[in-house]
Each structure stands twice: as structure tokens, then as C-alpha cells.
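Every value quoted in this text rests on a predicted model; they were computed, and no experiment measured them. Just so you know, residue 1 is the first one in the sequence shown, and it goes up from there.
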Amino acid sequence: MPRTARVIAPGLPHHIVQRGHDRRAVFFEDEDYLYYLSALQEWKTKLGLRVYAWCLMTNHVHLIVNPGEDCAGIPRLMKRLAGRQTRYVNKLRKRSGTLWDGRYKSSPIETDVYLLQCCRYVELNPVKARMVGRAEDYRWSTYRSKIGLEQSSILDLDPCYLRLSVPERSYRQFVEEGISEQEQSFIQNRVRRNGLTGTSQFVEEVEERTGIRIESRPQGRPRKLAK
């Protein structure tokens with residue numbers, strides 16, 4: 001499946017992945033994670049972005065961000081997060097050079113069809129990597145906040161989550177059901193190729209809105225979560 005040029009679409013959530021250079025660690029101590037989250041809070045506020053999910057892994061980060069109508073918000077955010085974290089880590093560890101591996105990946109998400117699935121994919125990353133047995137045991141993601149175990153001043157609750165019946169309980173059940181290999185592969189491949197996470201109709205709609213031709217067209221719809 002060919003890669004597509006990175007597309008940023010106004011008003012849509014985007015699944016963003018940025019990896020460490022040569023897949024090396026970018027976080028070493030608790031303070032490193034806290035520093036990144038502090039920068040995320042500062043710049044999402046300055047740029048007027050909404051952050052629906054994140055998961056900070058040892059050697060990469062996942063974010064789900066809605067830029068609103070200003071498509072420049074996401075590249076500005078990622079430039080500042082990457083630059084600030086690089087300077088911080090280099091100074092602390094007395095090193096030089098890049099911390100991150102090239103350009104970040106980004107995939108616009110068809111909100112009503114795939115947003116909750118993408119959030120689940122992001123927050124289950126530590127479980128998939130066998131770092132923890134349950135998503136709620138991992139400190140550096142949004143999952144604990146979404147199920148009511150803690151509060152976050154960075155997190156914006158997305159519209160799909162808010163439409164759930166008793167959101168904290170319903171979302172916990174949804175995540176605990178796990179993710180199928182097919183769904184996981186689809187979401188992973190979409191963001192890896194800067195593709196769109198959505199149906200073929202969604203791809204056509206984004207093409208019309210942005211004027212950008214998108215090569216690959218996904219098929220099918222995931223099972224819906226009962227509201």
C-alpha cells in the first residue's frame with residue numbers, strides 16, 4: 001500500500017505518532033515525561049488545540065489532537081514539542097544531536113466511526129508492549145483520566161466519549177474488550193502511511209475539502225460501541 005502525503009484537515013481529530021531516532025528512548029526518568037506533558041499543556045493552550053488522547057511510550061509518543069480550523073496548529077505544536085524535549089534531554093544527559101526520527105506521522109480520523117477506536121488503540125499501547133497488564137496501570141496515558149481514576153488539565157473529552165451512557169464505565173468496558181488484530185492493523189497502517197483513518201466515503205470528503213488527492217482508499221467500518 002503506497003504512502004500518501006501528510007494531510008491535515010480542519011476540524012478533524014488527528015492520530016499523531018513521533019518516534020525516537022533509530023527507535024531509541026526519548027524518555028528516561030519520570031521528570032522527562034512530566035516535562036513533555038507540561039510543554040503539551042502550554043502549547044495546546046497557546047495554539048487553541050484540543051487533545052483527546054495521548055500515550056507516552058519509552059521511545060515514541062501517540063497523540064490524538066483536533067486543530068480546529070487552523071491546520072497550522074498541529075505542525076506548530078509538534079515542532080515545539082520536539083524541539084523543547086530535545087534541548088531538555090540533551091542538556092540533562094550531556095548529549096547532542098536529534099532526539100526524534102525524522103518527521104512525525106499524522107492520520108485524520110473519521111470522528112463518529114473511528115475516534116473511540118483510535119483512542120483505545122493509543123491507550124492500549126503499553127499493554128500490547130507488555131509493559132503493564134492493564135491499561136489503567138500505566139501512568140503516562142489518558143486512560144486513567146477517562147475512567148475517573150485521576151484528573152488531567154490537558155485532556156479534552158471528545159464528543160464521542162461524551163455521548164456514551166455513563167462515559168467512565170462505558171469507556172472502561174470498551175477498552176477492556178480489547179482490540180481485534182484487524183482493527184489494530186488498520187489503524188497502525190493508516191498512521192504509518194499518513195493515510196486517513198476512515199471509510200472510502202470519508203476519504204472522498206476530505207479530498208474535496210482539502211483539494212489533495214489521496215492514493216489509498218480504506219474499506220469497511222468497525223463495530224460501533226453502544227451509546
Side-chain angles (χ1 to χ4, degrees), residues 3 6 8 13-47 49-67 72-107 109 118-146 150 152-156 184 187-195 197:
R3 295 175 184 268
R6 189 167 63 200
I8 298 178
H14 292 63
H15 180 189
I16 301 167
V17 178
Q18 188 160 34
R19 297 189 179 278
H21 182 62
D22 288 337
R23 296 183 179 264
R24 295 174 185 168
V26 293
F27 302 105
F28 302 90
E29 308 288 345
D30 286 357
E31 290 75 13
D32 303 342
Y33 295 92
L34 292 171
Y35 189 86
Y36 188 95
L37 290 175
S38 175
L40 176 61
Q41 181 171 32
E42 176 183 347
W43 285 103
K44 82 142 219 177
T45 301
K46 287 181 176 179
L47 295 169
L49 308 174
R50 285 167 285 172
V51 178
Y52 295 153
W54 71 77
C55 185
L56 310 185
M57 301 290 283
T58 306
N59 65 355
H60 67 282
V61 302
H62 288 265
L63 305 171
I64 294 183
V65 176
N66 189 329
I74 285 178
R76 287 172 181 164
L77 173 72
M78 298 311 294
K79 179 179 180 180
R80 284 157 178 77
L81 290 178
R84 180 174 287 192
Q85 196 73 16
T86 295
R87 291 189 294 273
Y88 171 81
V89 171
N90 284 355
K91 180 179 179 180
L92 198 65
R93 302 187 71 83
K94 299 184 180 358
R95 46 156 285 170
S96 62
T98 182
L99 185 66
W100 305 96
D101 188 15
R103 302 180 72 197
Y104 63 90
K105 305 295 184 182
S106 176
S107 173
I109 303 166
C118 286
C119 289
R120 174 170 65 180
Y121 171 90
V122 165
E123 293 162 355
L124 280 175
N125 254 249
V127 178
K128 179 188 173 187
R130 298 183 180 179
M131 299 171 69
V132 293
R134 301 177 302 172
E136 66 194 71
D137 296 331
Y138 193 70
R139 291 181 59 191
W140 309 113
S141 87
T142 38
Y143 182 65
R144 291 177 56 83
S145 296
K146 288 185 180 178
E150 61 187 32
S152 170
S153 58
I154 309 173
L155 176 65
D156 299 290
Q184 178 172 293
I187 294 172
Q188 185 178 60
N189 287 335
R190 293 288 85 208
V191 72
R192 181 182 295 165
R193 290 169 170 79
N194 290 318
T197 305

Measuring from [X]:[atom1] to [Y]:[atom2], what's the distance to the nearest 0.5 Å?
X: Lys105; Y: Arg19; atom1: NZ; atom2: CZ; answer: 10.0 Å
X: Tyr52; Y: Lys146; atom1: OH; atom2: NZ; answer: 10.5 Å
X: Leu99; Y: Arg87; atom1: CG; atom2: CZ; answer: 11.5 Å
X: Arg144; Y: Glu123; atom1: CZ; atom2: CD; answer: 12.0 Å
X: Thr58; Y: Arg23; atom1: OG1; atom2: CZ; answer: 13.5 Å

| query | Counting heavy atoms not belonging to Lys79, are there more than 12 under 6.0 Å from its NZ? | reply |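 Not buried by this count: 12 neighbours or fewer within 6.0 Å.
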Closest non-hydrogen atom pair, [X] against [Y]:
X: Ser152; Y: Leu155; result: OG-N, 3.3 Å
X: Ala135; Y: Val127; result: N-CG2, 3.4 Å
X: Gly133; Y: Asp137; result: N-OD2, 4.4 Å
X: Thr86; Y: Gly97; result: CG2-O, 3.7 Å
X: Leu49; Y: Gly73; result: CD1-O, 3.8 Å
X: Gln188; Y: Lys128; result: NE2-NZ, 3.4 Å

| query | Mind checking what makes side-chain hydrogen bond (donor to acceptor under 3.5 Å, both in side chains) contact with His62, not counting sequence neighbours? | reply | His15, His60, Asn125
| message | Going by the rule side-chain hydrogen bond (donor to acceptor under 3.5 Å, both in side chains), which residues pair with Asn90 if we only count those two or more places apart in sequence or in a different chain? | response | Arg95
| said: Using side-chain contact (heavy atoms from CB on, under 4.5 Å), reason through Glu31 and Tyr88 one step at a time and then give a plain yes or no. | reply: CA-CA 10 Å; Glu31 290 75 13; Tyr88 171 81; 3.6 Å; yes
Sidechain-backbone polar pair: [X] side chain, [Y] backbone, donor-acceptor under 3.5 Å:
X: Arg6; Y: Tyr104; answer: yes
X: Ser107; Y: Thr197; answer: yes
X: Asn59; Y: Gly20; answer: no
X: Asp156; Y: Val51; answer: yes
X: Ser38; Y: Leu34; answer: no

| said: Evaluate Glu42 against Arg80 for salt bridge (Lys or Arg N to Asp or Glu O under 4.0 Å), listing each step before the verdict. | reply: CA-CA 10 Å; Glu42 176 183 347; Arg80 284 157 178 77; over 6 Å; no
| Between Val89 and Val26, is a side-chain contact (heavy atoms from CB on, under 4.5 Å) present by the stated rule, with each step listed? | CA-CA 8 Å; Val89 171; Val26 293; over 6 Å; no
Are [X] and [Y] side-chain neighbours, meaning at least one heavy-atom pair lies under 4.5 Å?
X: Cys55; Y: Tyr138; result: yes
X: Ile64; Y: Cys119; result: yes
X: Ile8; Y: His14; result: yes
X: Leu77; Y: Leu40; result: yes
X: Ile187; Y: Arg190; result: no
X: Val61; Y: Trp54; result: no
X: Gln85; Y: Gln18; result: no

| request: Take Lys46 and Arg76 through the test side-chain contact (heavy atoms from CB on, under 4.5 Å) and record every step on the way to the result. | output: CA-CA 10 Å; Lys46 287 181 176 179; Arg76 287 172 181 164; over 6 Å; no
| message | Applying ring pair (Phe, Tyr, Trp, His ring centres under 6.0 Å), can you list everything that pairs with Phe27, at least two apart in sequence or on another chain? | response | Tyr33, Tyr36
| query | Checking side-chain contact (heavy atoms from CB on, under 4.5 Å) for the pair Leu124/Gln184: CA distance, chi angles, key distance, verdict? | reply | CA-CA 10 Å; Leu124 280 175; Gln184 178 172 293; over 6 Å; no
| request: Kindly confirm or rule out a cation-pi arrangement of Arg134 over Tyr143, judged by NZ or CZ under 6.0 Å from the six-membered ring centre and within 45° of its axis? | output: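 No, cation not above the ring by the 6.0 Å, 45° rule.
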